[in-house]
**Q** 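Submitted below is the structure of interest, expressed as structure tokens.
Positions are given from 1, in the same order as the sequence printed here. The basis for the numbers below is simple: all heavy atoms, side chains too, and nothing from hydrogens, waters or symmetry mates.
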Amino acid sequence: MLVHTVTAVVAFAGAALSAVIPTFTQAQIDSGEAIRQLGKIAYDNAMARAAKATSGCTKDKVKIRKEWRNMTLTDRKAFQEGITCLMEKPSRNKGIAGAKSAWDDYGVLHYYQTPYVHNNALFLLWHRHYNWVLEHDLEDLCGYKGVFPYWEWGLDCGNINKSPVFDGTEYSLGGNGEAVRGSRPAIGGAKPGSGGGCLKSGPFSKNTVNIGPNTSRTPLAYNPRCIKRDLNDDICSKMASIRNTTDIVLYASTIAVFQSGIQGEGVRGDGGRNFGMGVHSGGHFAISGDPGSDFYFSALEPGFYLHHGNIDRLHFIWQNLDWDNRQTISGTGTMYNSPPSPVSKLADNMGFEPLHRNITIGATMDTALFSPTGGLLDRACLGGPEICRLYDRCRRPETLYVSAEQNDEKGDGSLLLARYRACANIPTLARLSSEELLAPYIQQSVQKHLRLAPVESEVELSLQQITSSVTDCLSSTCRSARENEDCYDNVCAPVHIISNSTSPNLVGINDCLWNICNAGTGALPWADADIVGIGVFSSYVMQCALSVILWVGLALFTLHRHHKPNHPVSSKNTHFASWIDLLLEFHKAQCYFSGTLMIAVIVSNIFSIDLVIAFLIIPLATNSILPIVFSYFLLVSYRASSSAIAILTTVVYILSSIVYWILYSHLPLSLGMTRGDMYKRFRLKASSISACGEYSGLAVCPAVNPGSPEFQEGIEARRYLRVLTPLIWGWATVVLLAMLAYSAYARVRGKRWRVENLEKMVSRPGLLDVVFWATSVIFLAGVGMQISVLSTAIKLGMVDAMGWSFGQVVAVTIWIPPVLEYACGELKWFFSTEFQTEGREKDDRAEAEQYCPVADTEQ
């Protein structure tokens, strides 16, 4: 039997028991007698602790897991039907094309998390909670009431096809795959398996795998196919035998050796014991097939969970043989520490969204919540109770939510998480303590903090203030979020997170935290609409688009003249001059618009701008450079510029460059900071509000999961800003300097800035013509990059697509005057040539100009 000790909050009293481990003969190890005795010792130790618990995981709440063959046939059938039920429930993943069912969700989560939960500190405890999440989904979504199973591989090595797990009967998880000639084992050196094709009988033989494999170009695309298995006795016997299972428990004295040995990382155990390629790989590849041997999508194989149930069983036994010394983890948060990452701590977050709320590593192992030292309240303090004074810290949001990360100081958020947890519990603990309802050992743990409460006449007020600080920030954070539909009368509404004026509702707080901490970018407020509102954003994109359209028009005029040099030019001259006038007016509008924006940024104390504003304004700075230099390049190339235009362009360029480089200095990582740290600080600063003391309520959420789409989008947005914007600025700078030099040279040589004749405008020496077209192509690529940079606001979810306020509508109208003037001139020409006689043309032209003045084409 196996005690289920996954995520319950446990409050065991007294010292944990350490076991005296017997000495076993090799025969006892190989027969399974040794692991049975070790399991019994671990079980007794765990139950002895549970018997002393007064809350949390008490003895009456302990769940027992069973090996598959020890389950009743009814439970086996119900478990298998529960998995089938999940295969028919809708997916909870939004935007994943291939995820069609709740079962597919497990494959998506494992795919995203694989690099962060294998061959590192999280491996054992992440998979422990992963199985727990499935257990509760089976119960909550599909009504399964039986025990959760595991599969002891060693009992079936040598005759795996006859295993009750895979014998193909109605009480199994399906049979082997069809025999495929020439199939190769998943591990080199092993003998081939006995299947390889689609399941040929039993449960799941009619079901499909919808996503994967990992070798696909689009692993999460919809790709329905049969479930395949390739049961392999040779791998099972060599890597997952009873001897392998027992050795890892007996000869690993530290968590580092245990987790490395179980995963086959080449580490040797006590006495030089060789763990080979590890029982973890052995169990997986004993099943093999598709998705069974797919490192990323193996979770879509139903046998995966029985296999990892046995891994967790071994971990449980190993822990409970020496509980006091086996409550630790070892390693970092990335696979083989690549890329290098910080050493993992019990307070670090593990990601399970959207299947379940994220949870700390320690929550899957912590059984000392109210230990005499290092308990719930002690963890919230850097010093002793007299220095910490939790009562005072919890009363005011500016001291409760103070975040080292948000203040750009060194920290990982773990102290703030511990402080919030303590503050949320203080009112309840104070009430229970005053009524003498706490167990003695809990009373001893918390009283050293509670005795520092205010004088009795102020206790009631202080508890009200603590309750307000703990709850107001969360409800306000929810209401200020962009996805806040449930925040006014549900979930985070005060009525749901406050029991009374002096006591928070801890269940409601957990529900609220689950809601806002797993909302991704939906938990952040919209960006300042004056900077990146939907109208402003659309205006920036229109600016880039108009630059390209104007270039296309000029290119067509030029190509037309090159191909038809003898064609009459009078009408073409009229259209071309109008197009040049449009370019000129558009260029002026750009300069005034961008120059005004850059001046506004500078006078708003640019040196105090934080990371969030830097992320938003950097794209605007480059948008005030590239399209403007592009249009100036076109004006100079077609000899339609002037000294005034050159000065205006240069001034705007200088203003934009000053803003750009000052803000760009915010992007490099500080010494010791990871990309995850920077994105977390972005989130905190973007969501800071007055109800949290100008800090962020999201600071009490666990760290952003590095495998989540939100994190990846944030990293990609920063990469765009870090890599693309210097390229954009550099190219625009080179071209602007060249155009200014060319214009100065032309002026010295006495050439006119602007000419009227079409042939003179479009005619350039051969080398200059090549330079013009090459430069134009690079500019077009630059415009594409600039639009990608502008899209960072979209990637970060900062733009409210429905926020068309008065100012947003005005923002898109800035480009209308030059376009309208051009259209009016073209319409005037059309009507004057199509419907008027040659004799009246001159009079009608004068009349039309009274209503629609034409821009002067002379300088």
**Q** Does Y664 use its side chain to pair, donor to acceptor, with the backbone of R722 at less than 3.5 Å?
**A** yes

**Q** Is there a donor-acceptor pair closer than 3.5 Å between any side-chain N or O of D472 and the backbone N or O of S469?
**A** no

**Q** Any side-chain to backbone donor/acceptor pair from Y420 onto L400? Under 3.5 Å, distance only.
**A** no

**Q** Do side-chain atoms of N500 reach the backbone of S503 as a donor and acceptor pair under 3.5 angstrom?
**A** yes

**Q** For the backbone of P619 and the side chain of Y540, can you confirm whether one donor and one acceptor N or O come within less than 3.5 Å of each other?
**A** no

**Q** Side chains of D105 and S91: do they bring a donor and an acceptor to under 3.5 Å?
**A** yes

**Q** Could you check whether Y116 and W126 have their ring centres less than 6.0 Å apart?
**A** no

**Q** Given 3.5 Å as the limit, does a donor-acceptor pair link the side chain of S468 with the main chain of Q465, or not?
**A** no

**Q** Please determine if R396 and E694 form a salt bridge, counting it only when a charged side-chain N lies under 4.0 Å from a carboxylate O.
**A** no

**Q** Tell me if a side-chain donor or acceptor on Q808 pairs with a main-chain N or O of G535 at a distance below 3.5 Å.
**A** yes

**Q** Quick one: does any side-chain atom of R393 pair with a main-chain N or O of C388 as donor and acceptor, under 3.5 Å?
**A** yes

**Q** For the ring pair H129 and H136, is the centre-to-centre distance below 6.0 Å?
**A** no

**Q** Below 2.5 Å, is that where the SG pair of C478 and C512 sits?
**A** no

**Q** Which word best sums up how the rings of Y130 and Y106 line up, parallel for under 30°, tilted for 30 to 60°, or perpendicular for over 60°?
**A** tilted

